[in-house]
Each structure stands twice: as structure tokens, then as C-alpha cells.
S.K.: 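Provided herewith is a single structure, encoded as C-alpha cells, for subsequent inquiry.
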Amino acid sequence: MMTRYILALALFVGAPGLASAQSVPTLSPPVTLSGPTGMKSALATKADVSNGTLKSPTITGGTLDGAQSITTTSGITQPLASLLGQQINVVNYGAVAGGTDSGTAVKNALSTAANRFPVYFPYSAYGYTINSGAYTGKEIGTWLLNGNRITGNAIGVPSAGTGTLISPYTNPYLIATDRKSVYDPAAIPQPNTGATVAESIECLPNRANGQNANVTRNWIACRYVGADTGSGGTTSIDISTEVENWVLNVSGNHGLAFEIDTNFNAAVTDGQWTTGLFLTGGGAAGTNVNSVALSIMHAAYDGSWLPWTTGLSIREATNQIQQYKASAGEAGFFQQAFDQSGNTLWQVDKNGYAKAVGFVSMATGNPAFSAHAANADDFVATRASATDTGFFFRGYDESGNTLASLDKRGSATVAGLINTNHTGESASSTCTVGEMHADDLNIYVCTSAGTYKVAALTAIK
């Protein structure tokens, strides 16, 4: 052993150049060999190329192959490639913004999205061009278009009603700009009752909230959809806005375009009204515009006659229609009906006067009732039976006195004249002044004395 030590010492002393090349490094601050921050601990926990743990590393550059595993906060471990695939970005499949055809990339992205993950188009001011590929517009899933301008042969021609990829298949004239979703709830088995819905949005029951600034009030809405028409339209510039556009194509089966259910499950205790459909609004005072609260119409695609069977059907309502005037001076009509040329067929104004073809009940200066039925009876009233009593017509003065009447026995009364079908009267019979009638023998006229003057018919030539 001593021999080896002397040999090593000799080699060290005899090689001065080597000694100077292997100078001892200096660490600042000094690092000890032992301890939790020493060299031994650091070397013992070094990362290996095939295993090991990196804690809070900073990685610059390099490549990940997707085989890395990621453990989610719920404790589920998935490959990195799988997690990234749940956000299908068309750029990751080769799509390029601008005029280059991205058809193959979009088709590949759609194939990957067979699990119905959204297909995402990153926004680009240049948009995307899709020339290759064939689409129907019924591709199931969600397209996140993000306001990109999508052009190319593969999207069809929306202006001609043949749009596909970014157009609703129920209305291929339209173009989706930000989001398009297609669902297939009919593919899901359902029980004997109930229905399947593609999307459900619900709110939990409303209730008082003690944290409100006003604890006696809590108004909520489950969904809000709004828009602003903007400005700039003129008689030659048509700018139109729709907040919602609901379409139901009837192709053999019946359906409902829109259903509102208001279920009475308990009595209302706050004294307010419950409304199935509330059409309201506001605006600056005096800003009157041409407006219709509810417009019902229907026609064929070419504009020809294809009407609703019934425009408005009301059933199971205590008061089917109620209309109110807001103030005594309010003008206008409760109802109006017109013929094909715009002529009035029927109207009821807000003073309660009605007008219809053959009937007029209007304000001062117009007849209260006017009938104009050519070659037909202007007015018909029929007694229900021989014992039916009452009047076919009665008219009163401002004090409620009868001015004219026609009862169901055929007796007529006009102020100062009463014409009845009484018979067998005598000069001693009491009567009402103006009363007059006749039988086969005599004519009877009641005088101011309240008795009749009788004249034999044989005396009348």
C-alpha cells in the first residue's frame, strides 16, 4: 500500500502541467457536501433521461410528443394529446388563414370531432378559405367560428339558398358568424312519456335574497338576449335587426315552432298577475315609430296564397280578449279589418263606436245605425215561440221614457202613436193617448180623455 502511495505522489509531482490544468473550482456561495442543500442531495435527486421528477422547471424550446400524462384536479390521468384534442383547433390540422385552401384540414378536424368536441377556428383578419370537401349543413357538433370570414366552394352559396357548412340547414340563406351547433336528440332512446331536448337551460326557484339592497324585491331572468338596431337606415338603405329568429320546417310531421308553458302549481300570494307572453317596451317620450306588437302572416315561398288555417285561436280563457283605453282623450281603434284593397270592412274605435259593411254606429254627425244590404233584409229578428215575450226593438229618450218599441206580439209604439193588434174595444174602454188599432168592424183611436173614439169601417170609403 505504501508503494502505491509513493507512485501516485511521484506522478503528481512529475507532471506539473497536468496539475496546473486541473485547478480546484470555487463555488459562490460555498456549497457543502452534506445536508438537504448539499451536493450529495442534489446529485442523488438529479433528473434522469428516462425517469425522475422535475419540480417547477423552466423549459425553453424543445418538443413534446403528446405521450406525457396529465393528472387533472379530479384525479383522472389522461395523455396530453387526448386533453389537447378535446379542443379541436383547425390550425392544428393544417388550416391556414387567408386564401390557401384549408378544406383538408377542416375535414380532418371534423373527423376527429366525431366525439362532438367543438371545432375551433382561431380568429384571423384574413379569414379562412375552404374549397375542398362536401358538406350538408347537418354535420353534428359545434363550430366555433369566432367572427372569421369563411369563404370557398365548400360552404355552398348562401345568397342562393344553398349554404352548407356555416349555414343553418333549415334556412340555408343565412350565414353563421360566431357559433353554429347541430344536435340530434331524436337519436337518443326515450321512454313512453316525455321528450328529449337537445339543450336545457333552467333556473332554480326565485326567492327573497337578504343580501339585496332592497330585500323586498328580487327579479330574475333565466336568459337575456338583446340587440340594438343601430342607425343610418334611410328610405333607400334597408337596415333590419332581429333579436330571435325561430324556424320550423313542416316536412310531413306536425310540430310547434315555439311553446310557452305557464303551469299553475300554486296560488299566487303576492297579488300580482302571471303572464304567459308579455309584449312591452319603452322609449323616449314622443318617439313614435311604425310598429306592430304582434304580426301574424303566412305565404308561400313565391308569395302566393298559403294562409294559416286559423290566425289566432283562444280556448280555456275566462276573458278571451280584453282591450283598454289608456286615457279619455286617446284616439285610434280597438279593432280594424280591411279588404284586399285596404277598404274598411270592420272597425271599433276607442269611443266604442263600431262600423262594418252594412252597419254603422259612429259619433256625432253619423247615423248610429245604418244598414245597406242590397237585395236582402237589412234587419231580421225572430220570435223563439208563441209564448216568447219581450221586444224586438226599444228606443228611449234621455229620461228613459219609451220613444219607440216593437214587442214580440207585433205591437208597435212610437211617441204619440201606439199601434196594437187589440180587438173588441169599446168607447168606454180605457186606453193610452195615441193608441190606435182596428179589427174587422171598427177603428179605435184613444183621445186625451183616455177613452176611445170608435169609427165603423163601413163609414170609411
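It should be emphasised that the depicted structure is a prediction, and the values quoted were computed from it without experimental measurement. Residues: numbered from 1 along the sequence shown.
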S.K.: Could you tell me if Glu398 and Asn401 have a donor-acceptor pair between their side chains, going purely by distance under 3.5 Å?
M.R.: no

S.K.: Decide, yes or no, whether a salt bridge links Glu330 with Lys350 under the criterion of side-chain N to carboxylate O below 4.0 Å.
M.R.: yes

S.K.: Hey, is the main chain of Asn209 close enough, under 3.5 Å, to the side chain of Asn218 for a donor-acceptor pair?
M.R.: no

S.K.: Describe, in one word, how the ring planes of Phe258 and Trp246 are oriented to each other, choosing from parallel (under 30°), tilted (30 to 60°) and perpendicular (over 60°).
M.R.: perpendicular

S.K.: Between atom CG of Leu277 and atom CD1 of Ile260, what is the distance when rounded to the nearest 0.5 Å?
M.R.: 4.5 Å

S.K.: Tell me yes or no: between the side chains of Thr229 and Thr241, is some donor less than 3.5 Å from an acceptor?
M.R.: no

S.K.: Under a 3.5 Å threshold, yes or no: a donor from one side chain and an acceptor from the other, between Ser69 and Thr77?
M.R.: no

S.K.: Apply side chain to side chain donor-acceptor pair (under 3.5 Å) to the pair Thr216 and Asn214, showing each step before the final yes or no.
M.R.: CA-CA 5 Å; Thr216 64; Asn214 182 354; 2.6 Å; yes

S.K.: Heavy atoms, side chains only, cut-off 4.5 Å: are Tyr135 and Val106 in contact?
M.R.: yes

S.K.: If you round to the nearest 0.5 Å, how far is OH of Tyr324 from CZ of Phe334?
M.R.: 10.0 Å

S.K.: Kindly indicate whether the side chain of Val445, heavy atoms from C-beta on, has any atom under 4.5 Å from the side chain of Thr447.
M.R.: no

S.K.: At what distance, to the nearest 0.5 angstrom, does NZ of Lys325 lie from CG of Asp349?
M.R.: 8.0 Å

S.K.: Please tell me if the side chains of Glu199 and Tyr183 come closer than 4.5 Å, counting only heavy atoms from C-beta onward.
M.R.: yes

S.K.: Does the Asp397 side chain pair with the main chain of Gly400, one donor and one acceptor, at a distance under 3.5 Å?
M.R.: yes

S.K.: Check the side chains of Ser132 and Asp101 for a donor-acceptor pair under 3.5 angstrom, ignoring hydrogens and angles.
M.R.: yes

S.K.: Answer yes or no: is there a side-chain heavy-atom contact under 4.5 Å between Asn148 and Ser124?
M.R.: yes

S.K.: Within the 4.5 Å heavy-atom criterion, are Leu110 and Tyr93 side-chain neighbours or not?
M.R.: no

S.K.: Hey, is Lys408 close enough to Asp388 for a salt bridge, meaning N to O under 4.0 Å?
M.R.: yes

S.K.: Taking Trp346's backbone N and O only, do any of them form a donor-acceptor pair with Thr344's side chain (distance below 3.5 Å, no angle check)?
M.R.: no

